[in-house]
Amino acid sequence: MSGAMDAPADHEPDPTDGTEAAPAAAARRSVRRSLASIVLGFEIIVVFLAALVIWGLAPTENGTFDLPPWIALAAGGVLILGLVATIGLLRFRWGYGVGWAIQALILASGLLNPAMYFVGAIFGGLWAYCMVVGARIDRERTASADPGKEQE
C-alpha cells in the first residue's frame, strides 16, 4: 500500500507514484521546487561557461593560489555535478539547504575570478527570491485548496 501516509515527513509527495490522476498530481507539484529547479538549471550553464573563462584566463604555469589551470575545470565540473544532484534532492526539505550551500560556493568562486562575486550575488538573489515567493504561493494554494491546512 503506497500513498501519502507512507511517505516520510521530510519528503514531498511524488506526483508520479500513480495514486492520483495526472492533472491532479501535476497541480500538486510545489512552485518553490519548480522555481528552484529552474534557477539551478540556469546555474549549470553559467558555471560551465565560468569554468571555461577562469581556465582560459589562467596563466600557463600556475594560476590563482598557485594552482594549475586545469583545477578550474575540475572544480567547475564538481560544482556542476553538485547542481545536478541538488535538482534531484529538492524532493526533500533538506535539499533546499544544499541549494543554499551551492549558492555560497558559487559566491566564494569569486576568489578565483572577481566577476563571480557578481554572478554569485545575482543567482543568490534569484534563489532567495524563488524560495520566498515559491513558499508563499504554495501556502496560498494550500489555503485555497483546503482551508485550515496552511497551519500545519
Side-chain angles (χ1 to χ4, degrees), residues 2 4 6-20 22-142 150 152:
S2 175
D6 297 336
D10 66 342
H11 186 274
E12 289 185 16
D14 184 12
T16 61
D17 65 357
T19 57
E20 294 184 16
R28 226 174 35 174
R29 179 159 180 164
S30 167
V31 172
R32 181 175 157 200
R33 181 176 174 186
S34 297
L35 292 174
S37 298
I38 292 167
V39 170
L40 292 174
F42 279 116
E43 278 183 305
I44 290 170
I45 297 166
V46 171
V47 167
F48 172 73
L49 294 173
L52 289 177
V53 166
I54 293 170
W55 172 71
L57 292 177
T60 56
E61 294 172 11
N62 282 333
T64 309
F65 302 117
D66 289 329
L67 297 172
W70 61 267
I71 293 292
L73 292 178
V78 169
L79 195 53
I80 288 170
L81 289 175
L83 287 163
V84 170
T86 303
I87 291 172
L89 294 174
L90 291 176
R91 64 183 157 192
F92 303 105
R93 288 186 189 153
W94 54 268
Y96 296 98
V98 173
W100 281 107
I102 293 282
Q103 302 309 313
L105 285 174
I106 291 173
L107 188 61
S109 68
L111 294 171
L112 297 175
N113 185 341
M116 289 303 292
Y117 286 127
F118 178 72
V119 171
I122 294 292
F123 276 106
L126 279 171
W127 180 262
Y129 180 78
C130 289
M131 295 298 101
V132 171
V133 172
R136 186 192 60 187
I137 292 171
D138 286 339
R139 280 192 307 270
E140 290 171 359
R141 285 172 57 183
T142 302
E150 69 273 3
E152 293 180 11

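Small disclaimer: the values here were computed from a predicted structure and weren't measured.
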Participant: Just verifying a value: how many Å separate F118 CZ and F123 CZ, rounded to the nearest 0.5 Å?
Facilitator: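 If we round to the nearest 0.5 Å, F118:CZ and F123:CZ are 10.5 Å apart.
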Participant: Strictly by side chain to side chain donor-acceptor pair (under 3.5 Å), give each pair with a member in residues 69-78 just once, sequence neighbours left out.
Facilitator: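 Sorted pair list comes back empty.
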Participant: Does V31 have any side-chain contact (heavy atoms from CB on, under 4.5 Å) partners at least two apart in sequence or in another chain, and if so, which?
Facilitator: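 Expected list: L35, I137, D138, R141.
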Participant: State, with a plain yes or no, whether a side-chain heavy atom of M116 is found less than 4.5 Å away from one of I54.
Facilitator: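 Yes, at least one pair of side-chain atoms sits under 4.5 Å.
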Participant: Would you be so kind as to tabulate the donor-acceptor pairs closer than 3.5 Å made by side chains of residues 77-87, with sequence neighbours excluded?
Facilitator:
| from | atom 1 | to | atom 2 | distance (Å) |
| --- | --- | --- | --- | --- |
| T86 | OG1 | G82 | O | 2.6 |

Participant: Which atom pair, heavy atoms only, marks the closest approach of S37 to R29?
Facilitator: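 Minimum heavy-atom separation between S37 and R29: OG-NH2, 3.8 Å.
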Participant: If I take atom CD1 from residue I122 and atom CD from residue E43, how far apart are they, to the nearest 0.5 angstrom?
Facilitator: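 Here the interatomic distance stands at 11.5 Å.
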Participant: In terms of heavy-atom contacts, does OH of Y117 have more than 12 from other residues, nucleotides or ligands at under 6.0 Å?
Facilitator: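 More than 12 within 6.0 Å, yes.
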Participant: One pair to check against side-chain contact (heavy atoms from CB on, under 4.5 Å): L107 and V119. What are the steps and the verdict?
Facilitator: CA-CA 7 Å; L107 188 61; V119 171; over 6 Å; no
Participant: Between A51 and A72, which heavy-atom pair has the shortest distance, and what is it?
Facilitator: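 Heavy-atom minimum between the residues: CB-O, 3.7 Å.
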Participant: Can you name the closest pair of heavy atoms from I106 and G120 and give their distance?
Facilitator: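 For I106 versus G120, the nearest heavy atoms are CG2-CA, 3.8 Å.
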Participant: A36: what forms a side-chain contact (heavy atoms from CB on, under 4.5 Å) with it, not counting sequence neighbours?
Facilitator: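 With sequence neighbours excluded, A36 shows a side-chain contact (heavy atoms from CB on, under 4.5 Å) to L90, Y96, W127, M131, given in chain and number order.
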Participant: Just to verify, what does A128 make a side-chain contact (heavy atoms from CB on, under 4.5 Å) with, not counting sequence neighbours?
Facilitator: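 With sequence neighbours excluded, A128 shows a side-chain contact (heavy atoms from CB on, under 4.5 Å) to W100, given in chain and number order.
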Participant: Residues in side-chain contact (heavy atoms from CB on, under 4.5 Å) with I38, at least two apart?
Facilitator: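 Per chain and number, I38 pairs via side-chain contact (heavy atoms from CB on, under 4.5 Å) with F42.
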